[in-house]
Number of protein chains: 2
Amino acid sequence: MVASPKPVYLKLRDMIAAAIIDGTYPEGTLLPSVRALAAEQGANPLTVAKAYQQFQLDGLVEVQRGVGMLVAPNAATRLRKTERDQFLTEEWPAIRQRIDRLGLDAQELLAKQTG
Amino acid sequence: MVASPKPVYLKLRDMIAAAIIDGTYPEGTLLPSVRALAAEQGANPLTVAKAYQQFQLDGLVEVQRGVGMLVAPNAATRLRKTERDQFLTEEWPAIRQRIDRLGLDAQELLAKQTG
DNA sequence: CATGGTGCATGAGTGCCATAATACAGCCTC
DNA sequence: GAGGCTGTATTATGGCACTCATGCACCATG
């Protein structure tokens, strides 16, 4: 692996997704503006816009030009379902295969607490 | 995520690593030549060479110019240990955190058999 | 030595990412 | 309507990673 050369806009996208899922931004909430989030994260406004764009296409945020972006109804639920499906079908199989190949013990993995 | 835009040389590197770990290429075995593997995988010889390069730096393969590349002693063991450590310290925490965030049951996932 | 197999160094080309500056379109408050 | 906040479109630029084509250095074989 190459450490974390993950594109900034994807990192931002993940941050926002996580915040929506865990309820930091409930339904109907006004998300941080493109410029505000850019300033806070030290990124370019266009890069932030690119991150938000992903959610617009999926209808997870309502764009009100001149006002801001609102978290759409059931965004958290839908987002969780989407990420869950994608994780289970695309990511987990490979991870599971890797665990087996490395001969790792399930108990040992479960013992580790989050964060 | 964007499906799998994973660089070719990393995919190849993983393939080779897996093959070494599971004993497809035991210690002292001559690995497929750069050109041969390139032809087989439909990749460029230099891309394959880049994949092999990672193993040379770690001393997991012995390069004999004009002959080929040999699997170094204890390569499988060392490789498994390296990958294991890296997985446990760098990858699993993030995965575990994601599992929790998505409301999935880690124990249930690990209980399932591969494939 | 000639041949054909190795790996390797150099260089160029391509595309994605991130940034910047500027301008426009819409909504709210005063 | 004026001013200030939203998101958006346009264009240009620099950097970086990935991939590839060419040619060279090395070794084993006959």
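Quantities reported herein were computed from a predicted structural model and do not represent experimental measurements. Naming convention: chains lettered A, B, ... in sequence-line order (proteins, then strands); numbering from 1 in each chain.
- Salt-bridge annotation for E27(A) and R78(A): absent, with no side-chain N of the basic residue lying under 4.0 Å from a carboxylate O of the acidic one.
- Remark: side-chain polar atoms of N44(B) are paired, donor with acceptor, to backbone N or O of L46(B) under 3.5 angstrom.
- Pairing each heavy atom of L102(A) with each of E83(B), the nearest pair is CD2-CB, 3.6 Å.
- Within the 4.0 Å cut-off from OP1 or OP2 of dC18(D), not a single side-chain nitrogen or oxygen of T47(B) is found.
- The separation between Y9(B) atom OH and dA17(D) atom C1' is 8 Å, rounded to whole Å.
- The backbone N or O of A51(A) lies less than 3.5 Å from no partner atom in the side chain of R13(A), so there is not a single donor-acceptor pair.
- When the P atom of dA9(D) is taken as reference, atom OH of Y52(A) falls 17 Å away, rounded to whole Å.
- Following rounding to the nearest Å, E62(A) (CD) and dG7(D) (P) show an atom-to-atom distance of 14 Å.
- When the P atom of dT6(D) is taken as reference, atom CD of Q56(A) falls 15 Å away, rounded to whole Å.
- Taking atom CZ on F55(A) and atom C1' on dG7(D), their separation rounds to 16 Å, with Å as the unit.
- Listed nucleotides dC8(C), dT19(C), dT8(D) differ in distance to M69(A); the shortest reach to its side chain belongs to dT8(D).
- Residue N44(A) has a polar side-chain atom (N or O) positioned under 4.0 Å from OP1 or OP2 of dA20(C).
- Look at CG on L37(B): it is 14 Å from P on dC8(C), rounded to the nearest Å.
- Going from atom NZ of K50(A) over to atom P of dT10(D) covers 15 Å, rounded to whole Å.
- Among all heavy-atom pairs drawn from A106(B) and I99(B), the shortest one is N-CG2, 4.0 Å.
- Going from atom CG of L10(A) over to atom P of dC16(C) covers 14 Å, rounded to whole Å.
- Side-chain N/O atoms of S33(A) include none lying less than 4.0 angstrom from OP1 or OP2 on dC5(D).
- No donor-acceptor pair under 3.5 Å is formed between the side chain of T47(B) and the backbone N or O of A43(B).
- In this structure a side-chain-to-backbone donor-acceptor pair under 3.5 Å is missing from T24(A) to I20(A).
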With 3.5 Å as the limit, what N/O pairs link the protein to nucleotides 22-28 of chain D?
{"unit_1": "dC27(D)", "atom_1": "O4'", "unit_2": "R65(B)", "atom_2": "O", "d": "3.2"}

Requested in this report: Test Q56(A) against M69(A) for side chain to side chain contact (heavy atoms under 4.5 Å, CB included), laying out the working first.
Outcome: CA-CA 9 Å; Q56(A) 305 174 29; M69(A) 299 167 102; 2.9 Å; yes
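- Across all non-hydrogen atoms, the minimal contact from G28(B) to L70(B) is O-CD2, 3.6 Å.
- DNA chain C contains the following stems of three or more consecutive Watson-Crick or G-U pairs, with both distances under 3.5 Å: C:1-30 with D:1-30.
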